[in-house]
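On a predicted model such as this, the values are computed, not experimentally measured, just so you know. No hydrogens, no waters, no symmetry mates; every other heavy atom, side chains included, goes into these values.
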Amino acid sequence: MNDQALHARNPRFDASMLGLCLLFALGLAALGLSGDWYTGFIPAQAVSKALPAVLWESLTTLGDGRIQLALVLPFCLRYPRVFWALFLGSIMAALISRGFKFWVPLPRPAAVLDASQITIIGARLTAHSFPSGHTVSAFSFIVAWLALLGWWRALPIVVLAALAGFSRIAVGAHWPVDVLAGALIGIAGGWAGLRLSRHFRWGLGIRAHWFLIAISVIAVATLPFDGQGYPGSLPWRIVACLWGLGGFVLFYLLPLLRGGWQAVNRPLAGLVTER
């Protein structure tokens, strides 16, 4: 299976993305009508206590772009269109998210609730709550895979993105409204990135691809040394780092050493002609 179909028009998929955005928007509207931005936070935290804190620390790192790069590195040469769409989607979603964080200065739960009302796992954050950046990142990551694999085969990725979003409530970093908004922005940004990748194909060039891979490898290599306030996720971060760097060695460095520049870039050669 290759990812050539990713650039084909797919009205049904576009309709499903629009429907998903509308679903999250309705959820936001329902919370807005309640009149309280903190609706649902305390019950959600109560549910999360059924599972160990280290699990929530590990799940929340799925919203870290470096973890996503680590997971996708072994597949970038096989699915270069997906890699480029993911890259653009993450940028589009991040730009929208940053704009909202600047214009909607919502305080985080730790700045509003008493210490007895909240469980904080990892770093204690107090400002720039809306939307959840980790949720934005996690949901922007699923769009290109949904377009390529379809809903049933990509369902595990969707479930992990949902758990990453819920984990932001579990660790005490975000309100439910932040997570819903993050999912909406992530889907919209990922969808926009996918459509842009069909017309702006710079990232499909051989040199551009290697440039993006180099950035990814450097980012992935930092995972064991920077947990962004979640030290309990260290074992998972080490595993993700080894997975990503192992994929880079296996699919990039070894073919380069054995067959030279042309051999390792053979899967990308057709993309140059396509452009």
Polar side-chain atom of [X] near backbone of [Y] as donor-acceptor pair, under 3.5 Å:
X: Ser216; Y: Leu212; value: yes
X: Thr60; Y: Trp56; value: no
X: Arg168; Y: Val179; value: no
X: Arg108; Y: Ala127; value: yes
X: Ser197; Y: Leu194; value: yes
X: Gln45; Y: Ile118; value: no
X: Tyr252; Y: Trp210; value: no

More than 12 heavy atoms of other groups within 6.0 Å of [X] [atom1]:
X: Trp261; atom1: CH2; result: yes
X: Phe100; atom1: CZ; result: no
X: Trp243; atom1: CH2; result: no
X: Trp152; atom1: CH2; result: no
X: Arg198; atom1: CZ; result: yes
X: Phe13; atom1: CZ; result: yes

Treat each ILVMFWY residue as a node, draw an edge where side-chain heavy atoms are under 4.5 Å apart, and state whether [X] and [Y] are in one component.
X: Ile215; Y: Val82; value: yes
X: Val54; Y: Leu163; value: no
X: Leu223; Y: Leu242; value: no
X: Leu155; Y: Phe24; value: yes

Do [X] and [Y] touch side chain to side chain, with heavy atoms closer than 4.5 Å?
X: Pro109; Y: Tyr38; answer: no
X: Val72; Y: Trp145; answer: yes
X: Val220; Y: Leu73; answer: yes

#### Entry: side-chain contact (heavy atoms from CB on, under 4.5 Å) assessment of Phe41 paired with Val177
CA-CA 9 Å; Phe41 175 80; Val177 67; over 6 Å; no
Distance in Å, [X] [atom1] paired with [Y] [atom2], rounded so as to fall on 0.5 Å steps:
X: Ser137; Y: Ile185; atom1: OG; atom2: CD1; result: 12.5 Å
X: Leu6; Y: Leu149; atom1: CG; atom2: CG; result: 9.5 Å
X: Leu62; Y: Ile67; atom1: CG; atom2: CD1; result: 7.0 Å
X: Phe83; Y: Leu69; atom1: CZ; atom2: CG; result: 6.5 Å

### No-hydrogen, no-angle side-chain donor-acceptor test under 3.5 Å, Thr61 and Arg237
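No pair is found: no donor N or O on one side chain lies under 3.5 Å from an acceptor on the other.
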### Message
Would you say the rings of Trp175 and Phe130 are close, in the sense that their centroids are separated by under 6.0 Å?
### Response
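That pair fails the under 6.0 Å test.
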### Query
Quick check, are the ring centers of Phe200 and Trp84 under 6.0 angstrom apart?
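Between Phe200 and Trp84, the centre distance is under 6.0 Å.
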